Amino acid sequence: MGERQLTGPPPSLAGTALDRDFFDRPSDQVAPDLLGRVVVHGPVAVRLTEVEAYGEPGQDPPAHTYRGRTPRNAVMFGEPGHVYVYFTYGMHFCANLVCRPEGVGSAVLMRAGEVIAGAEVARARRFPAGTAGGAAKKISDRDLARGPARLAVALGLERQHNGLDCCDGGPMRVLAGEPADPALIVAGPRTGVSTGAETPWRFWIDGDPTVSPYRPHAPRRRT
DNA sequence: GATCTGATTGACT
DNA sequence: GTCAATCAGATCT
C-alpha cells in the first residue's frame, strides 16, 4: 500500500455502507468479517486490521455485559450497528460495534487499523497543537490507529459518540469495501484481559504492520 | 459511602 | 523492559 494523497476522498470512501443485518449476528462471526473493512467518521477513514469479539451476558467473563445490563453498557443491549464507546484507565476511550439483535448484549472491539484518509486530522487529534510535545511529535501513519485507544482517538470517538448509529447514513459508517483475504485472517487469544483470555476471539490480518503488539494481561501494581 | 479494578498508553531507564 | 497516570463504574461493607 503506497502513499495516498489526501486532497480529496479516495475512491474507497464512496463505497456502500454495511447494513444493520451485517451486525445482527454472533460477535465471533462479525469480528473476522470486519477485517479489511473501512470505518469512516467524518474526514477520517480507518481500514480495520485487528478486532476482538465479546460474548453474551453470563457467558463471557471479560465482556462488559457479563453481569447484565447497566447504565454504562446499555448501548450494547440496543440495536446492532451502533457504536459503544467507553472510558477506561482514567484516560482512554475504546470503541465497539454492537452485534446481535436488540437485548442480547454483544459487541466487537475495534483494536487496530490503518488510517487511509484524514491522516493529518487523526494526527492532530492525537497531539493537538499547543500540548506538550504537540506538533513536534512525529507519528508514523502506521502508529496512528495501532491500538484500541489510538484508533478511537484517530476516529474522533469520545463519550459523546456512545450510541452513534453506523447504519443510518450519518457521519459514521462502515463500508462494505473489500473484506480481508480469509487466508490471511488469524484467530488467537484476546489481550489485556485477566479472565477468558484463552478464548480465541481476537482476529487480525496476518503480517499487517498496524496490528497492535500482543501483551499478556499485566496485574495492576499497587503502591 | 468507601474501595477497587480495568478491553491502555506514553514516558522513562 | 518497566512504571506511573487518571477516573468511571461496579462491588463490597
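Treat the numbers as computed from the prediction; the structure is a model and nothing was measured. A, B, ... follow the sequence lines: proteins, then strands. Residue 1 opens every chain.
- With a 3.5 Å ceiling on both atom-pair distances, the Watson-Crick or G-U wobble partner of B:dA11 is C:dT2.
- Straight-line distance from the OH atom of A:Y66 to the P atom of B:dG6: 14 Å, rounded to whole Å.
- Nucleotide B:dA11 holds its P atom 12 Å from the CG atom of A:D143, rounded to whole Å.
- In this structure, A:H92 has its ring center at least 6.0 angstrom away from the ring center of A:F87.
- For the pair A:F87 CZ and C:dG9 P, the computed distance is 10 Å after rounding to whole Å.
- Between the C1' atom of B:dT8 and the CZ atom of A:R190 lies a distance of 17 Å, rounded to the nearest Å.
- The closest donor-acceptor contact from the side chain of A:R100 to the backbone of A:S106 lies at 3.5 Å or more, if one exists at all.
- A salt bridge is defined here as a Lys NZ or Arg NE, NH1 or NH2 lying under 4.0 Å from an Asp or Glu carboxylate O, and A:D208 with A:R47 meets this definition.
- Here C:dG9 is the nucleotide among C:dG9, B:dA7, C:dA5 with the atom lying nearest to any side-chain atom of A:R72.
- Residues from residues 149-157 of chain A with heavy atoms under 4.0 angstrom of DNA chain B, sorted by number: A:A149, A:R150.
- Separating the CD atom of A:Q160 from the C1' atom of C:dA8 is a distance of 17 Å, rounded to the nearest angstrom.
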Test log, rule salt bridge (charged side-chain N to carboxylate O under 4.0 Å, His left out), inputs A:R173 and A:D168 = CA-CA 8 Å; A:R173 56 198 182 280; A:D168 67 351; over 6 Å; no

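- In this entry the distance linking NE2 of A:H64 with P of B:dT5 reads 16 Å, nearest Å.
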Return the polar atom pairs (N/O with N/O) between nucleotides 11-13 of chain C and the protein under 3.5 Å, or none.
residue, atom, partner, partner atom, Å
C:dT11, OP1, A:R67, NE, 2.9

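- Using a 4.5 Å heavy-atom threshold, the side chains of A:V51 and A:L109 count as separate.
- If you check B:dA7, C:dT6, C:dA8 against the side chain of A:M91, the one that comes closest is C:dT6.
- Taking 4.0 Å as the cut-off between side-chain N and carboxylate O, A:D21 and A:R25 do not count as a salt-bridged pair.
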Could you walk me through whether A:R123 and A:D141 pass the salt bridge (charged side-chain N to carboxylate O under 4.0 Å, His left out) test, one step at a time? CA-CA 8 Å; A:R123 187 173 281 111; A:D141 285 358; 2.7 Å; yes

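- In this structure, A:Y89 forms no aromatic stack with the base of C:dA5, since the conditions of centre separation below 5.5 Å and plane angle below 30° are not both met.
- When distances run from any side-chain atom of A:H92 to the nucleotides C:dA8, B:dA7, B:dT8, the shortest one goes to B:dT8.
- Annotation: proximity of residues 74-86 of chain A to DNA chain B (heavy atom, distance under 4.0 Å) is found for A:M76, A:Y86, numbered in ascending order.
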Given A:H82 and A:E79, is the side chain to side chain donor-acceptor pair (under 3.5 Å) satisfied, shown in steps?
-> CA-CA 7 Å; A:H82 287 242; A:E79 205 174 26; 3.1 Å; yes

Legend entry - side chain to side chain donor-acceptor pair (under 3.5 Å) between A:S212 and A:E50, intermediate numbers included: CA-CA 8 Å; A:S212 62; A:E50 184 183 1; 2.7 Å; yes

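- A donor-acceptor pair is defined here as one N or O able to donate and one able to accept, closer than 3.5 Å; no such pair exists between the side chain of A:D143 and the backbone of A:S140.
- Using a cutoff of 4.0 Å between basic side-chain nitrogens and carboxylate oxygens, A:D60 and A:R190 are scored as salt-bridged.
- Within the structure, a side-chain polar atom (N or O) of A:R111 is placed less than 4.0 Å from OP1 or OP2 of B:dT8.
- A donor-acceptor pair is defined here as one N or O able to donate and one able to accept, closer than 3.5 Å; no such pair exists between the side chain of A:R150 and the backbone of A:L144.
- The distance from atom CZ of A:R202 to atom C1' of B:dT8 is 14 Å, rounded to the nearest whole Å.
- When the C1' atom of B:dA7 is taken as reference, atom CD of A:E50 falls 11 Å away, rounded to whole Å.
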